[in-house]
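Step one of this worksheet: look at the structure below.
Whatever order the structure lists ligands and atoms in, that order sets their numbers, starting from 1.
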Amino acid sequence: EMPIDRRALLKAGGVLAAAAATGTAAASAAAAAAPVKMRRIATEEAWSIPEHLDAMQVLTQSDWNNLDIENLRLPGGIAATGLGANLLDTRRRLAEMDRLGVDMHILSLTSPGVQLFDADKGAALATLANDRMADIVAANPTRFAGLASFAPQDPARAVKEMERAINRLKLNGFIVNSHTDNEYLDEPKYWPILEAAEALDRPIYIHPRCPSDGMAAPFRDYRLRAAIWGFQAETGTHLMRLMLSGIFDRFPKLQVVVGHMGENVPFHLWRSDHWYRRRPHSYPSRLAPSEVMKRNVHITTSGVEHGPALRYALEVLGPDRVLWAIDYPYEEMAPSVAFMNSVQLAEPHRAAVFHQNAERVFHIPAA
Ligand code: MN
């Protein structure tokens with residue numbers, strides 16, 4: 001474990017104090033850029049391969065009105081956009097990481113991963129993407145780690161790919177982009193996937209996608225489907241289903257990770273507990289939502305650069321439960337790094353969020 005460089009911290013603290021005292025933009029910028037010596041591991045960093053972007057592009061040319069398909073209908077196609085280039089180009093990503101002092105990205109196949117395809121196509125793409133990801137990680141083991149994809153559409157095959165991804169490819173965990181064909185992971189058909197993650201001792205990152213068909217209608221207006229509201233509505237609902245369903249009684253060591261400061265679930269946690277206790281026979285889970293969260297769930301900061309929200313999450317969930325993420329390339333690296341460099345936190349909490357929790361949860365060797 002890397003010792004904290006106390007002089008660098010004191011220096012950064014001094015700049016922060018100066019910024020607070022003068023209130024000038026220049027001083028604030030200096031604080032944001034203060035070179036605190038600390039490992040920085042970003043944990044929800046999107047990536048793709050040409051075959052995956054091309055396969056999603058084909059689906060956008062159909063008349064399927066699924067909300068994710070509408071989200072992917074970009075002028076000129078996904079691969080032609082700057083977004084496509086940033087998903088595909090590892091050298092560009094590394095150069096930006098070097099410029100900003102980001103030590104590591106934990107890569108994951110961009111949403112909605114392989115979950116728009118039929119089972120065979122999805123499983124084939126997941127295998128291909130996992131192989132390519134493992135090559136990138138092997139070539140840059142201190143700069144990249146990776147979350148494996150699998151196709152929940154075929155749970156038995158998914159379990160085989162999960163085992164291969166950890167035991168053979170040495171990847172660090174798994175990603176599932178919320179619902180699969182409008183079903184959620186608490187459904188018994190998916191239990192083998194949860195059982196495998198628990199047995200392999202690797203977390204499942206439940207990443208957003210647009211709301212499922214059953215809740216889609218009100219999200220079709222005002223671009224509500226995406227990051228402004230729909231992603232957290234979908235993914236927060238998924239997390240609440242998992243927490244209330246009792247699957248964490250069945251798989252007590254299973255760990256899940258959700259981004260975006262917990263997809264708003266932490267802010268509702270007191271009320272969720274309150275009604276869990278007022279209706280004790282309504283919920284299969286033997287544990288209250290807050291008990292499940294503090295035992296089986298981690299959250300990341302992806303896309304939420306807001307000091308009060310981060311401090312609240314640390315207070316309510318505990319400092320071991322919060323990890324840093326950028327959400328690159330959907331968010332830019334520089335503001336996310338500046339936020340974590342300068343946000344008002346106890347320094348041991350900054351180290352926990354910036355790297356220590358990621359090292360533990362994703363089995364990344366301490367530098
Ligand atoms: Mn993301």
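For the Mn ion (ligand 1), the set of nearby N, O or S atoms under 2.8 Å includes one belonging to Asp327. Within the 2.8 Å limit, His260 places no N, O or S atom next to the Mn ion (ligand 1).
The side-chain tip of Arg225 does not point at the ring of Phe219 from less than 6.0 angstrom away and within 45° of straight on.
Checked against a 6.0 Å centroid threshold, the rings of Tyr312 and Phe267 count as neighbours. His260 has its ring centre no less than 6.0 Å from the ring centre of Phe231.
When distances from the Mn ion (ligand 1) to the N, O or S atoms of His207 are compared, NE2 comes out shortest. The name of the N, O or S atom in Glu44 nearest to the Mn ion (ligand 1) is OE2.
At a threshold of 4.5 Å between side-chain heavy atoms, the hydrophobic network of Ile, Leu, Val, Met, Phe, Trp and Tyr places Tyr205 and Val159 in two separate groups.
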